[in-house]
Protein chains: 2
Amino acid sequence: MRDDPDALAEQMSVVLRHLVLLLRRTVAGQPVTSQQYAVLGSLKQGPRRMTELAEEHAVQLPTMTVQINRLEEAGLVARGGDPADARVRTVELTGEGRTRLLAVQRARIAHLAHELAALTPDERAALAAALPVLAKLG
Amino acid sequence: MRDDPDALAEQMSVVLRHLVLLLRRTVAGQPVTSQQYAVLGSLKQGPRRMTELAEEHAVQLPTMTVQINRLEEAGLVARGGDPADARVRTVELTGEGRTRLLAVQRARIAHLAHELAALTPDERAALAAALPVLAKLG
DNA sequence: CCTCATACTTAGCCAGACTAACTTAGTTGA
DNA sequence: TCAACTAAGTTAGTCTGGCTAAGTATGAGG
């Protein structure tokens, strides 16, 4: 196989499209939307600022405000403040939020693991080798 | 490295999240939205029925109706009919639509190729080996 | 202080997803 | 044959999630 970045890019383009449609099918009709889940995931390690969340999710601040409003109304996150800077709002998981997040994560990983179990060891090895490379993109 | 589908699933979950955010950043502020582009892509090989398009894109028929309405207003696709079954509407690219599709495809592939060119040959080989496996998922 | 920058929120818009209900066209069986 | 059912799309109404513009409150600097 030749090492041709252009040809590889063309193949990747096709596969990415496939993955996007696959993900869309997977998350359709879930109780927690994928965006809500993604935001909860960002809070797993502890409280974050609104600006951090917006940047990480590649959205504008107002968009994140609305998302956090909804999650707060649902009781999954709580807003706090920064004692050192009264302009800053922090957001953290509630107990319920953490429970919900872990449940969704478990379900997703189980689903993926089920798919991966149908592959050959060689195929899984190929995926494992490619993951760090994909993580470098961007 | 152990061959553990569960651990691999967990890593994939992280990488998929990264790719989703990456794609979102890439397509933000494009003239043709990613959904419109995706639909145009489905028409590249020839006319398709509404139901086919909806199923392929994992959306309900009314959603596809609205998308096709907009693409039709923009002059990028044209509706047709099936002589054998008057209930069926077909959709196909106009010349303008094909031109636009090819331009967007070229731009995306060029962007990807640019990213891939920054990788080492080994990394590109790892990606190339994994693509067929990713394409099998779902 | 007065001004400017920063961190959010609010308000109003648009795209894109859904369900429910409607129209039109085939299909089927008594 | 025609009444009832099924299938393909569209329309209408609602929700999520994105954006920009504008407003509020706080911090920082001259």
### Task
Taking only the side-chain nitrogens and oxygens of B:R89, find out if one of them lies under 4.0 Å from OP1 or OP2 of D:dA8.
no
#### Entry: Side-chain heavy-atom pair B:L43, B:R98 within 4.5 angstrom cut-off
no
### Task
Using a 4.0 Å cut-off on protein heavy atoms (strictly under), produce a 5'-to-3' string for nucleotides 25-30 of chain D with B for base contact, S for backbone-only sugar-phosphate contact, and - for none.
-BS---
### Query
Is there a donor-acceptor pair under 3.5 Å between the side chain of A:Q11 and the backbone N or O of A:L8?
no
#### Entry: By side-chain hydrogen bond (donor to acceptor under 3.5 Å, both in side chains) - contacts of A:E52 (at least two apart)
A:R48
### Message
OP1 or OP2 of C:dT10 versus the side-chain N and O atoms of A:T65: is any pair under 4.0 Å?
### Response
no
#### Entry: Distance in angstrom units between B:M64 CE and C:dA15 C1', rounded
14 Å
### Query
Between the side chain of B:H18 and the main-chain N/O of B:S13, is any donor-acceptor distance below 3.5 Å?
no
### Check against side-chain contact (heavy atoms from CB on, under 4.5 Å), B:L127 and B:L119
CA-CA 10 Å; B:L127 273 188; B:L119 300 175; 4.1 Å; yes
### Query
Roughly, in whole Å, what's the span from CG in B:L53 to C1' in C:dA17?
16 Å
## Note on the structure
Residues passing the side chain to side chain contact (heavy atoms under 4.5 Å, CB included) test with B:L101, sequence neighbours excluded, are B:Y37, B:L40, B:K44, B:L93, B:Q105
### Message
The criterion is side-chain hydrogen bond (donor to acceptor under 3.5 Å, both in side chains); which residues satisfy it with A:T94, sequence neighbours excluded?
### Response
none
### Message
Contact list please: residues 41-50 of chain A against DNA chain C, heavy atoms, distance less than 4.0 Å, in numerical order.
### Response
A:R49, A:M50
### Message
List the residues meeting side chain to side chain contact (heavy atoms under 4.5 Å, CB included) with A:P83, not counting sequence neighbours, and say none if there are none.
### Response
none
### Message
It should be established whether A:T51 places a side-chain nitrogen or oxygen under 4.0 Å from OP1 or OP2 of nucleotide C:dA7.
### Response
no
### Query
Taking B:R124 for the side chain and B:L116 for the main chain, is one N or O donor matched with an acceptor at less than 3.5 Å?
yes
### All side chain to side chain contact (heavy atoms under 4.5 Å, CB included) counterparts of B:H114, not counting sequence neighbours
none
### Task
Would you please name every residue forming a side-chain hydrogen bond (donor to acceptor under 3.5 Å, both in side chains) with A:D85, sequence neighbours left out?
A:R87
### Query
Has B:T63 got a side-chain N or O lying under 4.0 Å from the OP1 or OP2 atom of C:dC18?
yes
### Query
So which of residues 68-80 of chain A are in contact with DNA chain D, with a heavy-atom cut-off of under 4.0 Å?
A:R70
### Query
Hey, does the side chain of B:Q35 come within less than 4.0 Å of C:dG16's phosphate (OP1/OP2), counting only N and O?
yes
Please table the atom pairs, donor to acceptor, closer than 3.5 Å between any side-chain atom in residues 70-78 of chain B and protein atoms at least two apart or in another chain.
from: B:E72; atom 1: OE1; to: B:R79; atom 2: NH1; distance (Å): 2.6

### Query
Does the A:E123 side chain pair with the main chain of A:T120, one donor and one acceptor, at a distance under 3.5 Å?
yes
### Query
Would you say a side-chain N or O of B:Q67 is under 4.0 Å from OP1 or OP2 of C:dA17?
yes
### Query
How would you list, by chain and number, every residue that makes a side-chain hydrogen bond (donor to acceptor under 3.5 Å, both in side chains) with B:Q60, sequence neighbours excluded?
none
### Task
Return the value, rounded to whole Å, for the distance between atom NE2 of A:H57 and atom P of D:dC19.
13 Å
Look for any protein N or O under 3.5 Å of an N or O in nucleotides 21-23 of chain D and output each such pair with its distance, or none.
none

### Message
From CD of B:Q36 over to P of C:dA17, roughly how many Å is that when rounded to an integer?
### Response
11 Å
